[in-house]
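Structure, as structure tokens:
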Amino acid sequence: MQNAKRRRNQESYIHGKHILAILIGVALCGVIAWAQKNGDENKKGITLVDLGVTEAQKIQLEELWDMKRQKDIQAINDLKTLNRLAKDSLVEDAEIQETLDEFRAKRKEIREQIEEIEEELIQALPTQAQLHLTLMGVLDNGIPRRTKKAQTNKNTGETPKPPPEQQTQ
């Protein structure tokens with residue numbers, strides 16, 4: 001009789017554990033679903049229209065961004081040229097100086113154009129738009145832009161494959 005009572009108590013204890021585990025699992029799934037739902041709502045973000053940017057200002061912003069991107073590309077190409085000059089021992093100082101002067105003049109001209117466009121936009125854009133565009137680096141924030149470069153494996157000379165997330169993009 002006592003054995004039967006013990007068995008019933010043990011069985012109800014085991015059933016209670018299973019029910020508790022199922023309830024915890026359901027609660028955990030509910031919390032995860034709720035977090036994903038809230039995460040999707042937060043991903044919507046703020047658009048330029050929300051910030052009060054007009055179509056003409058959007059066009060100016062695109063031109064500014066393209067100019068900055070071209071500046072970066074040109075800087076990399078110019079550095080490649082300067083690197084070749086540094087490695088070539090037969091190049092005369094006059095030719096190096098001429099190349100350096102051209103390099104600096106181009107950089108100065110592009111920088112002045114970018115600053116001029118940024119100044120026009122700063123005068124015309126709403127304050128919230130200025131803030132967000134400065135944080136994103138579209139308007140100058142003082143932090144140099146990063147350019148990604150594919151790293152090569154020094155031993156084999158092969159370029160490593162990007163992670164799967166980047167392959168689909």
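- Checking side-chain atoms of K68 against main-chain N and O of V138 turns up a donor-acceptor pair under 3.5 Å.
- In summary, the side chains of T47 and D50 do present a donor paired with an acceptor at a separation below 3.5 Å, with no hydrogens or angles considered.
- A distance-only check finds no donor-acceptor pair linking the side chain of E109 to the backbone of K106 [under 3.5 Å].
- The line from OG1 of T99 to CZ of R104 is 11.0 Å long, rounded to the nearest 0.5 Å.
- With a 4.5 Å cut-off on side-chain heavy atoms, E119 and E115 do not count as touching.
- Residue L133 is grouped with residue W65 when hydrophobic side chains (ILVMFWY) are merged at heavy-atom distances under 4.5 angstrom, including chains of intermediate members.
- The CZ atom of F103 lies 11.0 Å from the CG atom of N77; values are rounded to the nearest 0.5 Å.
- When the side chains of ILVMFWY residues are joined at heavy-atom separations under 4.5 Å, either directly or via intervening members, L125 and M136 end up in a single hydrophobic cluster.
- Note that CD1 of I76 and OG1 of T81 are 12.0 Å apart. Values are rounded to the nearest 0.5 Å.
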Intermediate values then yes/no, side-chain contact (heavy atoms from CB on, under 4.5 Å), L100 and L82: CA-CA 8 Å; L100 283 171; L82 294 175; 3.8 Å; yes
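- In this model, no donor atom of one side chain and acceptor atom of the other lie less than 3.5 Å apart for D93 and Q97.
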Candidate pair V49 and K58, rule side-chain contact (heavy atoms from CB on, under 4.5 Å), full reasoning: CA-CA 9 Å; V49 174; K58 281 184 188 178; 3.4 Å; yes
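- The side-chain heavy atoms of L48 and Q57, taken from C-beta on, include no pair separated by under 4.5 Å.
- Side chain of Q128 to backbone of L51: no donor-acceptor contact under 3.5 angstrom is found.
- Side-chain atoms of Q60 never come within 3.5 Å of backbone atoms of L121 as a donor-acceptor pair (strictly under, hydrogens ignored).
- Note that CG of L28 is 9.0 Å distant from CD1 of I24, once rounded to the nearest 0.5 Å.
- Hydrophobic clustering (side-chain heavy atoms under 4.5 Å, transitive across Ile, Leu, Val, Met, Phe, Trp, Tyr) keeps I73 apart from L79.
- Considering CD1 of I96 and CG of D88, their distance stands at 8.0 Å, rounded to 0.5 Å.
- The closest side-chain donor-acceptor pair between D66 and Q70, if any, does not fall under 3.5 angstrom.
- In this structure a side-chain-to-backbone donor-acceptor pair under 3.5 Å is missing from E118 to L139.
- Heavy-atom minimum distance, G52 versus P126: O-CG, 3.6 Å.
- Atoms NZ and CZ, on K71 and R111 in that order, are 7.0 Å from each other to the nearest 0.5 Å.
- When hydrophobic clusters are built by joining Ile, Leu, Val, Met, Phe, Trp and Tyr residues whose side-chain heavy atoms come closer than 4.5 Å, directly or via intermediates, V53 is grouped together with I122.
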